[in-house]
Amino acid sequence: MKNFEVAAIFNEIADLLEIKDENPFRIRAYRKAAQNIESLTQDVEEIAKKGTLKEIPGIGKDLAAKIEEIVKTGKLKFYRKLKSQFPGIILETMSIPSIGPKTAKLLYDKFKLKSIDQLERLARSHKICGLPGIKEKTEENILRGIELFKKGKERMPLGVALPIATEIINRFKSLPEIKKINYAGSLRRMKETIRDIDILITSSKPKRIMDAFVSLPRVKEILAHGETKSSILLKDGIQVDLRIVEPECFGAALLYFTGSKAHNIHLRKMANDLGYKISEYGIFKERTNKRVAGKEEVDIYKVLKLGFIPPELREDTGEIEMARKGKLPSLVKEDDILGDFHVHSEWSDGAHSLEEIREAAKKRGYKYVAITDHTKSLVVAGGLKESELKKQIKEIRKINKKSKGITLLAGTEMDILSDGRLDISDNVLAELDIVIAAIHTGFKQSKERLTKRIIGAMRNKYVHIIAHPTGRLMGTRDAYELDFEEIFKVAKDTNTALEINAFPQRLDLNDINSKRAKETGVTLALGTDSHTLDQLDNLGLGISVARRGWLEKKDILNTLPLQTLLKKISKK
DNA sequence: GCCGTTTTCGGCCCGACTGTTTTCAGTCG
């Protein structure tokens with residue numbers, strides 16, 4: 001039973017208890033526990049085996065016992081019993097915007113709902129009107145909610161949302177009426193998927209800004225158009241919310257809208273203990289209701305005696321405690337990165353020549369860039385044979401000789417074959433500067449076999465990095481299962497780095513696994529997996545994963561100057 | 001259901017908005 005599965009059960013229990021109108025704090029306890037389990041950097045099964053479940057924040061005697069039952073039997077009696085009291089359709093109805101537990105239960109009790117479609121028909125024929133507390137408006141809202149529900153609750157990858165938000169912000173930034181502008185929400189926290197884009201502004205001419213906002217070129221529909229808040233739906237289905245706030249509230253609003261919710265709740269509780277109250281308008285002295293800060297986020301943290309917490313860490317997974325002790329990590333920054341370890345050229349399935357890649361990387365200020373084309377077994381990608389690889393190495397050496405400022409590293413993205421063998425012989429690997437190895441076939445194999453393949457590759461003394469370790473492609477292919485404890489252990493022992501692949505659909509390793517790798521003492525390596533020059537820009541996505549994984553400069557291979565890097569990897 | 005250098009019981013984050021109501025419940029972020 002995996003962490004997210006246990007978390008899902010607890011979340012569903014919370015939903016069910018809400019329907020039962022249970023003690024809201026009990027419900028909160030389940031949600032809190034679910035959230036903490038999901039963000040654990042260890043398998044909850046392992047923790048259960050060690051008997052230290054109660055050390056997880058929000059897990060007490062009762063929940064620890066429930067987790068143990070789930071881990072041992074794969075089931076939870078309490079959950080099953082609870083679930084049997086309510087048909088699944090109630091939970092489904094609750095996921096419609098504007099319908100909460102009360103309405104869901106009311107609708108079910110009244111109509112014995114079987115499907116969302118049935119609910120839609122009832123609403124269209126005005127059968128819902130007249131139920132206690134429901135009139136035309138609510139009925140309309142339910143229909144609207146069903147529409148949104150059907151449109152898909154799916155979140156979009158960070159790599160899609162970020163350029164859209166940046167484009168909107170750049171468009172507004174230059175306007176003289178705008179004093180401050182920033183995106184907030186999960187986008188600012190750089191979560192790997194985003195539901196909608198929140199933008200915050202201070203302005204002397206709110207009305208003009210709002211008018212300009214709702215008439216942006218890509219608007220498909222205006223969902224709301226007010227003085228301080230407007231929402232639009234873009235043609236590609238993304239919702240963007242714009243809020244205008246007073247300058248003296250900007251920091252408080254930014255903090256509030258950036259979240260996460262759990263982070264905010266924790267801060268507010270701390271504030272209470274210190275005799276303050278936090279809202280989106282500022283932080284106030286409880287007794288006098290006097291605002292003591294609000295203009296800048298950092299001032300609010302200061303009142304709570306905390307250092308500034310970078311948005312990427314704001315998940316309430318220990319960052320507040322660390323800030324209190326003054327032990328926040330100094331997260332890796334874009335400037336720290338000196339090169340890209342994963343780039344394909346026209347020699348295999350990339351679009352550009354070695355010289356073009358060299359120039360593009362130089363323009364980005366890199367000191368080195370690794371050419372890592374596919375190897376022969378990956379026929380679809382035009383993988384290189386040993387002889388071609390040798391030819392490419394010569395070519396790279398030649399280019400390096402006649403040019404300065406940046407070094408091309410002769411590398412490869414070598415296939416780890418289905419049976420665990422490596423695609424290129426050791427004597428050729430020995431000639432390369434850097435070797436990354438990756439799985440591209442046999443994804444459906446057992447956890448044990450896949451783990452063994454990767455470990456086998458790591459034990460080869462020429463393999464420096466394992467690329468996209470879990471093979472996931474967001475929206476297309478799930479991560480395959482691996483025994484991470486084992487992989488991290490061997491990675492550390494063999495001095496092999498694990499990649500944070502910055503390709504937008506991959507982001508692999510992800511934030512949690514990166515954090516866990518760091519805790520085990522593993523080094524991480526950033527690579528864009530670029531096939532075209534503009535994809536080199538994706539490195540920023542990799543950095544945000546690294547930052548969400550609490551990684552510092554010292555945890556990342558790409559921060560080493562060329563000579564130090566070569567020395568380090570040659571020691572393997 | 002959790003939690004405790006003020007507590008083992010009595011607390012548990014905060015506000016807006018909406019739609020339905022005559023003071024508030026439900027939903028949301």
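Because only heavy atoms are used, hydrogens play no part in the values below, and waters and symmetry mates are left out as well, while side chains stay in.
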Please state how far atom [atom1] in [X] lies from atom [atom2] in [N], giving the value in whole angstrom units.
X      : N      : atom1 : atom2 : result
A/K277 : B/dG15 : NZ    : C1'   : 9 Å
A/H266 : B/dC14 : NE2   : P     : 13 Å
A/D316 : B/dC2  : CG    : C1'   : 14 Å
A/I27  : B/dG1  : CD1   : P     : 11 Å
A/K229 : B/dG15 : NZ    : P     : 18 Å
A/K32  : B/dC2  : NZ    : P     : 13 Å
A/N264 : B/dG15 : CG    : P     : 13 Å
A/I13  : B/dG1  : CD1   : C1'   : 11 Å

Of all residues at least two apart in sequence or in a different chain, which pass the salt bridge (charged side-chain N to carboxylate O under 4.0 Å, His left out) check with A/R26?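 A/R26: salt bridge (charged side-chain N to carboxylate O under 4.0 Å, His left out) contacts with A/E22.
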Results of salt bridge (charged side-chain N to carboxylate O under 4.0 Å, His left out) for A/R208 - residues two or more places apart only: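 Testing A/R208 for salt bridge (charged side-chain N to carboxylate O under 4.0 Å, His left out), a comparison that skips the adjacent residues, returns A/E177.
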Quick test: give all pairs of protein nitrogen or oxygen and nucleotides 3-10 of chain B nitrogen or oxygen below 3.5 Å, distance rounded to 0.1 Å.
| residue | atom | partner | partner atom | Å |
| --- | --- | --- | --- | --- |
| B/dC3 | OP1 | A/G58 | N | 2.9 |

5′-ward residue of the pair A/N141/A/D62 relative to DNA chain B: A/D62
Give a yes or no on whether the backbone of A/W550 and the side-chain of A/K518 come within a donor-acceptor separation of less than 3.5 Å. yes
Measure from the side-chain N and O atoms of A/R189 to the backbone N and O of A/E315, and report whether any donor-acceptor pair falls under 3.5 Å.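 No, A/R189 side chain to A/E315 backbone: no donor-acceptor pair under 3.5 Å.
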Looking only at atom [atom1], what distance separates [N] and [M], rounded to whole Å?
N      : M      : atom1 : result
B/dG10 : B/dT6  : C1'   : 14 Å
B/dT8  : B/dG15 : C1'   : 33 Å
B/dT20 : B/dA25 : P     : 16 Å
B/dG29 : B/dT23 : C1'   : 24 Å
B/dT18 : B/dG11 : C1'   : 30 Å

Once base and sugar-phosphate atoms are separated, protein heavy atoms under 4.0 Å mark nucleotides 20-29 of chain B, 5' to 3', with B, S and - as SS----SSSB
Report the residues that fulfil side chain to side chain contact (heavy atoms under 4.5 Å, CB included) with [X], sequence neighbours left out, ordered by chain and then residue number.
X      : value
A/K50  : A/Q42, A/T52
A/R268 : A/Y256, A/I278, A/E280
A/L274 : A/Y276, A/L304

Proximity to DNA chain B (any heavy atom under 4.0 Å), residues of residues 285-309 of chain A only: none
Are any of the side-chain nitrogens in A/R472 or A/E192 under 4.0 Å away from the carboxylate oxygens of its partner?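 Counted as a salt bridge, because a side-chain N and a carboxylate O are separated by less than 4.0 Å.
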Given that both distances must come in under 3.5 Å, which nucleotide forms a Watson-Crick or G-U wobble pair with B/dT8?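 For B/dT8, the partner nucleotide comes out as none, under the 3.5 Å rule.
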Under 4.0 Å: is that the gap between some side-chain N or O of A/N36 and OP1 or OP2 of B/dC2?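 No, no such contact exists.
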I'd like to check the ring pair (Phe, Tyr, Trp, His ring centres under 6.0 Å) partners of A/F250; sequence neighbours left out, ordered by chain and number.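 So A/F250 forms no ring pair (Phe, Tyr, Trp, His ring centres under 6.0 Å) with any residue.
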Pairs touching residues 174-200 of chain A that satisfy ring pair (Phe, Tyr, Trp, His ring centres under 6.0 Å), sequence neighbours left out: none
Residue pairs passing the ring pair (Phe, Tyr, Trp, His ring centres under 6.0 Å) test where at least one lies in residues 21-60 of chain A, sequence neighbours excluded: A/F10-A/Y30
Check every strand shown and say whether A/I265 touches a base, only sugar-phosphate, or nothing at a heavy-atom separation below 4.0 Å.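 Base contact - A/I265 has a heavy atom under 4.0 Å of at least one base atom.
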Residues 73-82 of chain A vs side chain to side chain donor-acceptor pair (under 3.5 Å), sequence neighbours excluded, gives A/E12-A/Y79, A/Y79-A/K83
